[in-house]
Amino acid sequence: MPFEKGSRRKDGDDSLEAFISSDYLSKPMARIVVVGTGHVGLVHAVAFALGGHRVIGVDVNARAIADQSRGRPTFFEPGLRDALRRALRTGRLSFSVDVAAALKASKFVFLCVGTPSRKDGSIDLSFLRAAAKTVGAGMASAKGYRVVIVKSTVPPGTAEDVVCPALQKSSRKTAGRDFGLCVNPEFLREGSALKDARKPDRLVIGAFDRRSARVLTEIYRGARCPRLVTDLRHAEMMKYATNAFLATKVSFANELANLCDAFGGLNVDRVVDGMALDPRINRRFLKAGLGFGGSCFPKDVRALVAAGKERGYTSRLLRATLQVNELQPLRAVELAERAAGALEGKRIAILGLSFKGGSDDVRESRAIPLATALLKKGAHVVGYDSLANDAFKAAVPEIEVAQDATSALAHADVCIVHNDGPEWRDLTAADFVGMRRKVVIDGRRILERGALKGVELYVLGG
Ligand code: UGA
């Protein structure tokens with residue numbers, strides 16, 4: 001990332017606050033345009049600007065651009081509001097809807113546009129194609145060499161077969177000679193995206209040619225992490241492969257939890273502890289629960305399966321990864337039925353509605369299929385999430401949302417803890433006193449068992 005040696009604060013304070021509140025570099029370094037100011041684009045634009053670069057964030061959504069230029073992020077990400085405002089105050093970050101104007105003085109153009117899923121799981125590249133076309137048109141009249149970098153997650157071959165031709169056609173310039181082209185996947189996690197952008201734990205740079213790679217590496221000079229330079233297609237596949245592997249680990253852990261339950265008397269975390277003694281097995285992402293959600297894992301695995309199918313390959317393992325994930329929320333429904341009998345007319349509280357704790361994002365949240373299945377059984381479902389109530393209500397309007405956990409739990413027959421929000425870890429028996437019957441299902445294996453005396457506790461995976 002753009003942190004030059006010696007640019008760190010002398011006191012060595014490496015926290016997010018230190019990052020946001022320090023000016024790091026005052027000397028302008030690279031000039032960057034970020035096309036697409038959604039989650040990935042805005043976070044990178046802010047991180048680059050705070051790192052000393054001059055950045056223009058561009059988007060076709062004029063309202064988002066107006067908000068962002070006033071220091072109002074268009075989505076929730078911890079620390080982003082402060083960081084955005086700080087970056088704007090440095091004068092190094094600005095926003096525009098005009099790609100051509102933004103391109104004029106810029107050497108680096110990051111394409112961070114959305115790639116929505118189609119019904120069959122494949123991804124729609126029309127925004128990327130359109131962005132490449134517009135960037136190409138801007139480059140037609142702009143002098144100088146610049147590198148276009150694809151950050152959006154795309155199937156192998158997209159940069160070469162879609163982005164490159166669009167750029168060449170509308171710029172009437174030649175890749176490799178007149179401009180550079182790279183694929184530089186992002187590995188941001190929601191909730192720690194700013195930290196991840198500032199201090200990546202690895203860098204993957206796929207390049208059209210050596211010069212593109214060399215020029216792009218300039219802005220990552222200060223990054224102290226492993227880096228790998230490869231061709232465009234490999235970089236694209238590395239991003240998909242990483243997410244597909246992590247998602248498969250999660251589904252494996254869930255499969256193991258279900259097997260532990262089938263045997264009885266087995267605790268999946270204890271089994272994983274034993275597995276992880278093998279130096280070849282890393283226990284991260286082997287936390288069993290109600291499945292994976294979010295804007296990346298489900299979408300990327302489906303996209304890879306669909307892209308393989310288009311090329312004549314049927315992925316069995318990745319389809320199983322998805323299938324386990326689809327069925328996993330239903331495990332909580334089964335447990336609820338086993339504990340409380342028929343669910344018709346029962347009041348069921350779901351704590352944690354977003355796809356993971358500390359987020360307001362309900363995209364692909366496993367609470368959606370969970371709530372839907374409970375509603376289908378005739379249950380009255382009441383959910384609570386300190387950040388995601390509104391978004392969840394919009395996704396599943398039939399549920400009731402409560403203003404706090406106590407109201408959600410009042411007179412409930414069953415409580416299902418759906419996500420790993422830190423607030424659920426501290427729940428004690430006293431928090432469940434208002435329930436009609438104290439049946440609690442720990443869908444993420446996070447509750448403190450010792451603190452729940454008198455509660456009928458069911459833990460997925462033993
Ligand atoms: C994920 C990856 O972790 C990032 O590295 C990647 O950059 C990002 O996708 C992306 O492609 O942009 P994110 O979607 O923010 O990041 O979420 P994660 O923290 O990875 O969690 C994904 C889901 O898996 C959550 O629903 C979480 O609860 C679940 N999970 C995760 C488990 O059920 N068990 C685990 O052990 C780990």
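Only heavy atoms go into these numbers, but all of them, side chains included; no hydrogens, no water, no symmetry mates. We count ligands from 1, going down the list as the structure has it; atoms in each ligand are counted the same way.
Polar contact with ligand 1: absent for Arg284 (N/O pair, distance under 3.5 Å). For ligand 1, one of its N or O atoms has an N or O atom of Glu190 under 3.5 Å away. Checked by distance only, ligand 1 and Gly293 come closer than 3.5 Å through their nitrogen or oxygen atoms.
In terms of protein heavy atoms, atom 8 (C) of ligand 1 is closest to Leu188 O, 3.2 Å. Annotation: atom 3 (O) of ligand 1 to nearest protein heavy atom, Arg189 CG, 3.6 Å. Scanning the protein heavy atoms around atom 14 (O) of ligand 1, the nearest turns out to be Phe355 CE1, 3.8 Å. Atom 1 (C) of ligand 1 has as its closest protein heavy atom Phe297 CE1, 3.5 Å. From the protein, the heavy atom lying nearest to atom 31 (C) of ligand 1 is Phe285 CE2, 3.5 Å. The nearest protein atom to atom 24 (O) of ligand 1, hydrogens excluded, is given as Phe292 CB, 3.2 Å; this is a heavy-atom distance. Protein heavy atom nearest atom 33 (O) of ligand 1, with residue, atom name and distance: Arg444 NH1, 3.2 Å. Nearest non-hydrogen protein atom to atom 9 (O) of ligand 1 is Cys296 CB, 3.3 Å.
Every atom of ligand 1 with a heavy atom of Phe187 under 4.0 Å away is listed here by number and element: 5 (O), 7 (O). Close approach of ligand 1 to Glu186 is summarised as follows: ligand atoms under 4.0 Å from at least one heavy atom of the residue are 7 (O), 10 (C), 12 (O).
The part of Leu286 lying near ligand 1 is the backbone, judged by heavy-atom distances below 4.0 Å.
Atom CD in Gln328 sits 10.5 Å away from atom CZ in Phe292 (nearest 0.5 Å).
The two residues Leu387 and Asp360 come nearest to each other via the heavy atoms O-CB, 3.4 Å.
Qualifying side-chain hydrogen bond (donor to acceptor under 3.5 Å, both in side chains) partners for Arg280, counting only residues two or more places apart in sequence or in other chains: Asp278. Every residue was checked against the ring-ring contact (aromatic ring centres under 6.0 Å, His included) condition with Phe245, not counting sequence neighbours, and none meets it.
For the residue pair Asn254 / Ser251, no side-chain donor-acceptor distance below 3.5 Å is found, with atom types taken as modelled. Residues Asp67 and Thr74 have side chains that never bring a donor and an acceptor to within less than 3.5 angstrom of each other. Under the 3.5 Å distance criterion, with hydrogens and angles disregarded, a donor-acceptor pair is assigned to the side chains of Thr115 and Lys299. No side-chain donor-acceptor contact under 3.5 Å links Glu190 and His39.
Among Lys356, Lys249, Lys287, Glu364, the residue whose heavy atom lies closest to atom 34 (N) of ligand 1 is Lys287.
Met237 CE: 12 or fewer foreign heavy atoms inside a 6.0 Å radius. By the neighbour-count criterion of 12 heavy atoms within 6.0 Å, atom CG of Asp390 is sparsely surrounded, having that number or fewer from other residues, nucleotides or ligands.
For the pair Lys239 and ligand 1, a heavy-atom separation below 4.0 Å is found.
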